[in-house]
Amino acid sequence: MGPPRKWVITIDGPAGAGKSTVSKLLAQKLGYIYLDTGAMYRAVALLAKNSDHSDPLDEKILEEICLGLDLEFVQKEGILRLLANGRDITKEIRKPEISSLASAVSAKSVVRERLSMIQRSMGKAGGVVLEGRDMGTVVFPDAEVKFYLDARPEVRSKRRFLELEAQGQDTTAEEVHQLMLERDRNDRSRQLAPLKPADDAILVDSSDLQIEGVVQLMLDHIEAMRKGHR
Ligand code: DC
């Protein structure tokens, strides 16, 4: 027995905690839609970087980008791809420089307001697993189930390094570790929608667990909550 078709499930947490893999798998098991909200911030960062403007954090430029933004997640040959204004940007947004710029861009109110609005409209019908930094605190404060997925920093940066290495990105373990700590600091300390667990979030530490273990633990929580809801 799964949860009702319409529940909203949020998974927040820092980089490298395993959110994407876990969220995708959880959504698949529940027959829910999966929404990667970090990819949306990365899309804005990429468009800002590719704009002719010398400062990608210029508020006017960001506003223009956000107003004209058309984001679409499509499934192609079993892989979830992100199209921004019709262009496939799935690969480009994973570069380390875009990770850092996405974190900087995400502190801007014009960007947060616009993307939060899009995320609410994409998730409002329910039957969705949303991963991000502020899904349970700001975008869906009334979500039926909220998780906060974390892991020890050294575990998270090692995972991220292996991921980037497998993608053929030119980087070192130390560089990934430093950039990740800096990004966490930015995401936690910003004024708007900082990264933190919602008061009613279920805290999960994935440091010593395999993916399947994390997903099972979440499914058990969801099942227990479903019984409590009847
Ligand atoms: O999850 P990710 O690493 O792809 O996210 C990239 C950046 O986007 C992250 O450093 C902070 C920002 N972000 C955010 O502020 N709010 C979200 N809901 C998702 C991501």
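Position 1 is the first residue of the sequence, and the numbers go up from there. Whatever order the structure lists ligands and atoms in, that order sets their numbers, starting from 1.
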Engineer: Under 3.5 Å, is there a donor on one side chain and an acceptor on the other for Arg159 and Ser206?
Structural biologist: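 There is such a pair between these side chains.
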
Engineer: What do the steps show when you test Thr10 against Val145 for side-chain contact (heavy atoms from CB on, under 4.5 Å), and what is the final call?
Structural biologist: CA-CA 6 Å; Thr10 63; Val145 191; over 6 Å; no

Engineer: I'd like to know whether Gln178 forms a side chain to side chain donor-acceptor pair (under 3.5 Å) with Glu174, so could you lay out the CA-CA distance, the side-chain angles of the two residues, the decisive distance to 0.1 Å, and finally the verdict.
Structural biologist: CA-CA 6 Å; Gln178 289 310 327; Glu174 184 52 28; 2.8 Å; yes

Engineer: Give the residue and atom name of whichever protein heavy atom lies nearest to atom 18 (N) of ligand 1, and the separation in Å to one decimal.
Structural biologist: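 Here the closest protein heavy atom is Asp134 OD1, 2.9 Å.
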
Engineer: Check Arg133 with Asp187, please: is the shortest side-chain N to carboxylate O separation under 4.0 Å?
Structural biologist: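 Salt bridge flag = yes for Arg133 with Asp187.
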
Engineer: Could you identify the single nearest non-hydrogen protein atom to atom 1 (O) of ligand 1 and state the distance to 0.1 Å?
Structural biologist: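 Checked against all protein heavy atoms, atom 1 (O) of ligand 1 sits closest to Arg133 NH1, 2.9 Å.
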
Engineer: Record the part of Ser106 in heavy-atom contact with ligand 1 below 4.0 Å; permitted values are side chain, backbone, both and neither.
Structural biologist: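 Answer for Ser106: side chain.
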
Engineer: Could you pull out, from Arg42, Arg94, Glu182, Met40, the option with a heavy atom nearest to atom 4 (O) of ligand 1?
Structural biologist: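 Looking at heavy atoms only, Arg42 sits closest to atom 4 (O) of ligand 1.
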
Engineer: Within the structure, does Arg183 bring an N/O atom to less than 3.5 angstrom of an N/O atom in ligand 1?
Structural biologist: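 In this structure, Arg183 places an N or O atom under 3.5 Å from an N or O of ligand 1.
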
Engineer: Looking only at N/O atoms, are Arg160 and ligand 1 under 3.5 Å apart anywhere?
Structural biologist: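 No, there is no polar N/O contact under 3.5 Å.
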
Engineer: So is Arg112 close enough to ligand 1, meaning a heavy atom under 4.0 angstrom away?
Structural biologist: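 Yes.
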
Engineer: In terms of side-chain heavy atoms, does Gln28 have a donor or acceptor partner in Tyr34 at a distance below 3.5 Å?
Structural biologist: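 Absent: no donor and acceptor within the cut-off.
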
Engineer: Write out the residue and atom name of the closest protein heavy atom to atom 8 (O) of ligand 1, then the distance separating them to 0.1 Å.
Structural biologist: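 Closest protein heavy atom to atom 8 (O) of ligand 1: Tyr41 CB, 3.4 Å.
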
